[in-house]
S.K.: 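Could you have a look at this structure, given as structure tokens, before my questions?
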Amino acid sequence: MAAGTYRARVIVLRKTKLGESDLVLTLLSEDGSQIRAVAKGARKPSSQFASRLELYSVADVLFAGGKSLDIIKEARLERAFGRIRSSMEHAAGAAAMAELLDRVTQLGLENTRLFALTESALAHLDEADAPMVLAITAAHILKALAFAGFKPSLTTCVCCGRDVDIAVRDTIVFVSYAEGGAICAACAPRNETIRLRSEICAWANALLVSTFDEIAAYDIDLPTSFSVLQLCQSWVREHVGANLKSLQFLFTSGLFE
């Protein structure tokens with residue numbers, strides 16, 4: 001192997017057009033860092049990259065170091081996730097996952113749990129029926145936020161540490177996005193909070209701590225899934241400083257009506 005080259009297993013997060021036929025790819029590396037690289041000629045119909053570097057696919061890639069961006073020399077497709085590519089509902093869920101990762105990952109900053117998390121989430125998303133897309137998407141976002149250092153605390157008061165009971169149905173839970181989670185009734189008057197139904201907090205916490213195999217067996221209705229995703233959007237806005245356009249599309253597209 002020539003000097004200045006390296007190989008990495010990656011997930012394709014984003015594609016950006018460059019010039020007449022090239023693409024700049026934003027990739028999640030297996031070590032959790034972000035890679036941005038140029039695939040020359042990738043937009044040509046005859047390009048070897050056309051089917052090997054699809055969005056949200058897993059690929060084994062050979063890179064050559066470049067002055068500003070590295071260059072993709074070879075790519076071997078490992079997992080294509082065909083249902084995500086063919087279904088608008090599934091692609092919309094994957095897009096929200098990828099957009100968040102584009103925001104929270106950095107060049108050279110390793111976070112190994114993010115790759116395994118995302119590959120598992122995409123695999124389960126690819127196998128899920130459309131109604132479960134929202135729950136799997138929410139679970140990935142919550143877990144990715146936790147791994148990036150923005151884990152919400154939903155069962156204990158972030159101010160005093162008292163337990164907050166989110167298991168009782170039809171009750172109200174005080175939540176502060178700025179403070180990092182649930183706030184007990186005693187501390188709520190001293191903080192800026194919003195009120196959420198206990199079911200929303202309970203489901204958000206369940207998705208946060210459960211495996212994707214467990215989540216696949218859950219019976220969570222669409223309105224509740226949307227409410228948890230609204231919580232995710234607010235959390236990202238507060239702690240990452242971004243309004244995920246892909247999530248906004250999920251809220252307004254009517255795909256899941």
S.K.: Checking N111 side chain against F147 main chain: does a donor-acceptor pair fall under 3.5 Å?
M.R.: yes

S.K.: Is a side-chain N or O of S33 found less than 3.5 angstrom from the main chain of S29, in a donor-acceptor match?
M.R.: no

S.K.: Keeping Q233 on the side-chain end and L244 on the backbone end, is there a donor-acceptor pair under 3.5 Å?
M.R.: yes

S.K.: Do R9 and E119 meet the salt-bridge criterion of a basic N to acidic O distance under 4.0 Å?
M.R.: yes

S.K.: Is the shortest distance from a Lys or Arg side-chain nitrogen in D22 or R43 to a carboxylate oxygen in the other one below 4.0 Å?
M.R.: no

S.K.: Between R85 and E54, does any NZ, NE, NH1 or NH2 come within less than 4.0 Å of an OD or OE carboxylate oxygen?
M.R.: yes

S.K.: For the pair H90 (side chain) and F81 (backbone), establish whether a donor and an acceptor sit closer than 3.5 Å, ignoring hydrogens and angles.
M.R.: no

S.K.: Between S246 and E99, is there a side-chain donor-acceptor contact under 3.5 Å, judged purely by atom types and distance?
M.R.: yes

S.K.: Test side chain to side chain donor-acceptor pair (under 3.5 Å) on S210 and Y218; report intermediate values, then the result.
M.R.: CA-CA 10 Å; S210 300; Y218 286 164; 2.6 Å; yes

S.K.: Might you work through the side chain to side chain contact (heavy atoms under 4.5 Å, CB included) test for M97 and T137, ending with a clear yes or no?
M.R.: CA-CA 7 Å; M97 298 180 194; T137 301; 4.1 Å; yes

S.K.: For the side chain of D70 and the backbone of G66, is there at least one donor-acceptor N/O pair under 3.5 Å apart?
M.R.: yes

S.K.: Against V173, only a single residue in I194, I166, I200, L154 fulfils side chain to side chain contact (heavy atoms under 4.5 Å, CB included); can you say which?
M.R.: I166

S.K.: Quick one: CG on L28 to CG on D102, what's the gap to the nearest 0.5 Å?
M.R.: 10.5 Å

S.K.: Are the charged groups of E78 and R76 less than 4.0 angstrom apart, N to O?
M.R.: yes

S.K.: Where the side chain of E30 meets the backbone of F115, is there a donor-acceptor pair that is under 3.5 Å apart?
M.R.: no

